[in-house]
Undergrad: 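Attaching a single structure in structure tokens format; questions to follow.
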Amino acid sequence: MANARAILSLLQGCNSMRKLHKIHAHILINGYQHNPSISEKLLNFCAVSVSGSLAYAQLVFHRIHNPQTPAWNSMIRGFSQSPSPLQLQAIVFYNHMLSASHARPDTYTFSFLLKACEEAKEEGKCREVHGFIIRFGYDQDVVLCTNLIRSYAGNGLIETAHKVFEEMPARDLVSWNSMISCYCQTGLHEEALKMYDQMRISNVGFDGFTLVSLLSSCAHVGALHMGVQMHRFAGERRLVENIFVGNALIDMYAKCGSLASALSIFNSMPKRDVFTWNSMIVGYGVHGRGDEAITFFGSMLMAGVRPNSITFLGLLCGCSHQGLVKEGVQYFHMMSSEFNLKPGIKHYGCMVDLFGRAGKLKEALEVIRSSPSQHDPVLWRTLLGSCKIHRNVEIGEMAMRNLVQLGSLGAGDCVLLSGIYAEAKDLQGVARMRKLIQSRGIKTTPGWSWIEVGDQVHRFVVDDKSHPDSREIYRKLEEVIHRASLVGYAMEESSLVAAPESNTQEYCWETSTSYHSEKLAIAYGLARTPEGTSLLIVKNLRVCRDCHNFTKFVSMAFDREIIVRDRVRFHHFKGGHCSCKEFW
DNA sequence: ATAGGGTTAG
């Protein structure tokens, strides 16, 4: 004979549906099915627990006579945690609650509803729930406002999210952290970093959550100095031991070109997870140091950490940039044969690059043909890039035809093929590309470069005149070009030769009068930093040949180390040489 | 009874 108290404590310790069925039987035998605290507990377990069952919860719910707010909340919460289309049932249930019962929604109800909207990716629903919240007078609640920020941002409405943030009556640490992480996850890293200045003024302090998002943004824009500052803050609060913070620090240092610092954090970590190892492996990979990525991969396995698909992206990237064809092929196969990981489109892209870069264009083509995603423009674009490196007109044209067919031809692709024609002395081909690029309907990706000087990240675009110190920057650039030319730099004048090389490069035909964004960033960096300090430039596209050449001579003429992180990899320029050994 | 925040790739 179990009494009500005993049943409640059984429910408390319940961790599987099997146990639950037994307890439910007890409840029925003892006639407790109408005891509200027992049926609510039962319902809550079925609806919310990971080992529960929403279907069972619905049965229990419908047997409850006159369910109160807690019961409705359990159901709404259960639906909000459900997989994809089912979440919106949460809103259906809510409407049902309003129309068919006397139970009133509370702040918890809305919190669960917003969670459902965040996952469901339906911005209309998000606005709808916001309306409910206002109607019930809960729009001043800090937690609900924070929920709203996440829901709006998760639905692509970052500006609305920011508006909620601005207008909420008071912001605590969690609201700040949420706003910053929303910017970070939306890719608006400059905005995220700007929030930090305002956060300091507002005196809410910071914690590990703050640092993780900010470090991720520092990593993306290459803000090394700010990252170092975060590292110091982390040290003061003993947050470096926090695995999330440690991982974010490793990634930040690796992405800001300081593999040595990344390694020293790695060595000091008391615990390491798959993120820790991946950050190192991807770090070595994008620096073109495939052999070290491979060594770390071996240690990772020894440490008993299971690799995931990102681990292999890092490995394959390293192999392709170091020309380790045999190893790359081996790891590609290992993915599925030993770790049961299905190669994704990115992995196939690496394989196309691995063969293409090594001059094995036929094999690269074979990879595309055999991949499950042969209609993906990225693969053909990668192949086109390889054709440029190895001057192959025939396969280049084939790649181009495929891009046209897939309707995803961009200006960069035309520039690339034009370069291939130029090197084959096919002037008509060049003219055709030039014409194509000027026709409408061709997509262009605007290029930009970031450089961190002092505590500010500066962004430049091609021929940028918007910087407040623009005049000075152009004057400096003239001087830089002059000094570079004294040690052998010659700007490539003809548009035929100077047409940038890669699909995703900044393109411009009138090269003799245009300055790519990284030249402006380099000039600014040279003007504003002490002699001998190294510069870090981060680009969203790939470096063109002229800029690559330019940077080599600048590193010699000014005796500076210049690190350029482009869309795919790192270039370390020093004394007139680049770490990529012209292999990019 | 129950609520809000974190890292790698893209």
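So that the names make sense, note that chain A is the first sequence line, chain B the second, and so on, each numbered from 1.
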Undergrad: Which nucleotide, B:dT8, B:dG6, B:dA1, lies nearest any side-chain atom of A:Asp106?
TA: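 Ranking B:dT8, B:dG6, B:dA1 by closest atom to the A:Asp106 side chain puts B:dA1 first.
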Undergrad: Please report, to 0.1 Å, the donor-acceptor pairs under 3.5 Å made by any side chain of residues 293-314 of chain A, with sequence neighbours excluded.
TA:
residue  : atom : partner  : partner atom : Å
A:Thr295 : OG1  : A:Asp291 : O            : 3.0
A:Ser299 : OG   : A:Thr295 : O            : 3.1
A:Arg306 : NH2  : A:Phe339 : O            : 2.8
A:Asn308 : OD1  : A:Asn278 : ND2          : 3.0
A:Asn308 : OD1  : A:Ile310 : N            : 3.0
A:Asn308 : OD1  : A:Thr311 : N            : 3.2
A:Asn308 : OD1  : A:Thr311 : OG1          : 3.2
A:Thr311 : OG1  : A:Asn278 : OD1          : 2.6
A:Thr311 : OG1  : A:Asn308 : N            : 2.9
A:Thr311 : OG1  : A:Asn308 : O            : 3.1

Undergrad: I'd like a table of donor-acceptor pairs (distance under 3.5 Å, sequence neighbours excluded) in which one partner is a side-chain atom from residues 216-230 of chain A, with atom names and distances.
TA:
residue  : atom : partner  : partner atom : Å
A:Ser217 : OG   : A:His189 : ND1          : 3.1
A:His220 : ND1  : A:His189 : NE2          : 3.4
A:His220 : ND1  : A:Ser216 : O            : 2.9
A:His225 : ND1  : A:Glu452 : OE1          : 3.1

Undergrad: Could you state the atom-to-atom distance from CG of A:Leu316 to P of B:dG10 in whole Å?
TA: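 Interatomic distance, CG of A:Leu316 to P of B:dG10: 12 Å.
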Undergrad: Which residues pass the side-chain contact (heavy atoms from CB on, under 4.5 Å) test with A:Cys126, sequence neighbours left out?
TA: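 For A:Cys126 the side-chain contact (heavy atoms from CB on, under 4.5 Å) partners, ignoring immediate neighbours, are A:Cys117, A:Ser151, A:Tyr152, A:Asn155.
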Undergrad: Mind running salt bridge (charged side-chain N to carboxylate O under 4.0 Å, His left out) on A:Lys163 and A:Glu159 for me, showing each step along the way?
TA: CA-CA 6 Å; A:Lys163 194 159 176 280; A:Glu159 278 155 28; over 6 Å; no
Undergrad: For A:Arg565 and B:dT8, what is the distance between atoms CZ and C1' respectively, to the nearest whole Å?
TA: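 Taking atom C1' of B:dT8 as the reference, CZ of A:Arg565 is at 13 Å.
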Undergrad: Ring centroids only, cut at 6.0 angstrom: are A:Tyr94 and A:Phe110 within range, meaning strictly under it?
TA: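 Yes: the rings meet the under 6.0 Å criterion.
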Undergrad: Got a sec, which residues hit side-chain contact (heavy atoms from CB on, under 4.5 Å) with A:Arg459, two or more places apart in sequence or on another chain?
TA: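 For A:Arg459, the residues satisfying side-chain contact (heavy atoms from CB on, under 4.5 Å) (neighbours in sequence not counted) are A:Glu190, A:Trp448, A:Trp450.
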Undergrad: Using a heavy-atom cut-off of under 4.0 Å over every strand shown, decide if A:Ser175 touches base, sugar-phosphate, or nothing.
TA: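 Touches a base.
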Undergrad: Please report the C-alpha distance between A:Gln68 and A:Asn66 in whole Å, then the side-chain angles of each, then the deciding distance to 0.1 Å, and finally whether the side chain to side chain contact (heavy atoms under 4.5 Å, CB included) criterion is met.
TA: CA-CA 6 Å; A:Gln68 296 304 297; A:Asn66 190 17; 3.6 Å; yes
Undergrad: Using atom OH of A:Tyr94 as one end and atom P of B:dT2 as the other, report the distance to the nearest whole Å.
TA: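 Atom OH in A:Tyr94 sits about 22 Å away from atom P in B:dT2.
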Undergrad: Ignoring hydrogens and angles, state whether a donor on the side chain of A:Asp106 or A:Thr69 is under 3.5 Å from an acceptor on the partner side chain.
TA: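 No.
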Undergrad: Using a 3.5 Å distance criterion without hydrogens, assess whether the side chain of A:Ser373 forms a donor-acceptor pair with backbone atoms of A:Asp376.
TA: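 Judged by distance alone, no pair lies under 3.5 Å.
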Undergrad: Rounded to whole Å, how long is the line connecting atom CD of A:Glu118 with atom P of B:dG4?
TA: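 In whole Å, B:dG4 P lies 10 Å from A:Glu118 CD.
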Undergrad: Tell me, please, which residues at least two apart from A:Glu122 pass salt bridge (Lys or Arg N to Asp or Glu O under 4.0 Å).
TA: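 Salt bridge (Lys or Arg N to Asp or Glu O under 4.0 Å) list for A:Glu122, sorted by chain: empty.
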Undergrad: In residues 245-275 of chain A, which ones come under 4.0 Å of DNA chain B, going by heavy atoms?
TA: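 Within residues 245-275 of chain A, the residues near DNA chain B are A:Val245, A:Asn247, A:Asp251, A:Lys255, A:Phe275.
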Undergrad: Can a donor-acceptor pair be found between the side chains of A:Asn147 and A:Ser111 at a distance below 3.5 Å?
TA: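 A:Asn147 vs A:Ser111: donor-acceptor pair found between side chains.
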Undergrad: When the distance from CG of A:Leu173 to P of B:dG4 is rounded to whole Å, what number comes out?
TA: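 Taking atom P of B:dG4 as the reference, CG of A:Leu173 is at 16 Å.
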Undergrad: Once you round it to whole Å, what is the distance between P of B:dA3 and CD of A:Glu119?
TA: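 Nearest whole value for this atom pair: 16 Å.
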Undergrad: Parallel, tilted or perpendicular: which one describes the rings of A:Phe332 and A:Tyr348, with boundaries at 30° and 60°?
TA: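 Perpendicular.
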Undergrad: Hey, does A:His347 reach any base, or is it just sugar-phosphate, or nothing, if we go heavy atoms under 4.0 Å?
TA: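 Result for A:His347 = nothing.
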Undergrad: Any residue in residues 45-62 of chain A with a heavy atom nearer than 4.0 angstrom to DNA chain B? Just list them by number, or reply none.
TA: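 Heavy-atom cutoff 4.0 Å gives no residues at all.
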Undergrad: A:Leu313 has an atom CG; how far is it from atom P of B:dT8, in whole Å?
TA: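 Distance, rounded to whole Å: 14 Å.
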Undergrad: Scan side-chain atoms only and decide if A:Ser74 and A:Asn44 contain a donor-acceptor pair under the 3.5 Å cut-off.
TA: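 A:Ser74 vs A:Asn44: donor-acceptor pair found between side chains.
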Undergrad: Taking the minimum atom-to-atom distance to the side chain of A:Gln185, which one of B:dT8, B:dG10, B:dT7 wins?
TA: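 Within the option list, the nearest is B:dT7.
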Undergrad: Return the set of residues passing side-chain contact (heavy atoms from CB on, under 4.5 Å) with A:Arg63 (not counting sequence neighbours), or none when no residue passes.
TA: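 Listed in chain order: nothing, the list is empty.
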Undergrad: Sequence neighbours left out, what passes side-chain contact (heavy atoms from CB on, under 4.5 Å) with A:Thr210? Give chain and number order.
TA: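 Listed in chain order: A:Leu173, A:Asn177, A:Ile180, A:Met199, A:Phe206, A:Asp207, A:Leu214.
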Undergrad: At a heavy-atom distance below 4.0 Å, what parts of residues 63-81 of chain A sit against DNA chain B?
TA: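 Correct list: A:Pro70, A:Asn73, A:Arg77.
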Undergrad: Using heavy atoms and a sub-4.0 Å distance, could you list which residues of residues 154-167 of chain A are near DNA chain B? By number, please.
TA: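 Nothing qualifies; none.
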Undergrad: With a 6.0 Å cut-off on ring centres, are A:Phe61 and A:Phe93 close enough?
TA: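 Yes - the distance between ring centres of A:Phe61 and A:Phe93 falls below the 6.0 Å cut-off.
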Undergrad: Under 4.0 Å between any heavy atoms, over every strand shown, what does A:Lys346 touch: base, sugar-phosphate, or nothing? Just pick one.
TA: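 If one applies the 4.0 Å heavy-atom cut-off, A:Lys346 turns out to touch the sugar-phosphate alone, with no base involved.
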Undergrad: Near DNA chain B, counting only heavy atoms under 4.0 Å, which residues of residues 107-117 of chain A show up?
TA: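 DNA chain B contact set from residues 107-117 of chain A: A:Thr107, A:Tyr108, A:Ser111, A:Phe112, A:Lys115.
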Undergrad: Find out whether the Lys NZ or Arg CZ of A:Arg77 is both under 6.0 angstrom from the six-membered ring centre of A:Tyr108 and within 45° of the ring's axis.
TA: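 No, a cation-pi geometry is absent between A:Arg77 and A:Tyr108.
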Undergrad: Measure CD1/A:Ile310 against C1'/B:dT7 and give the value in whole Å, please.
TA: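 Nearest whole value for this atom pair: 10 Å.
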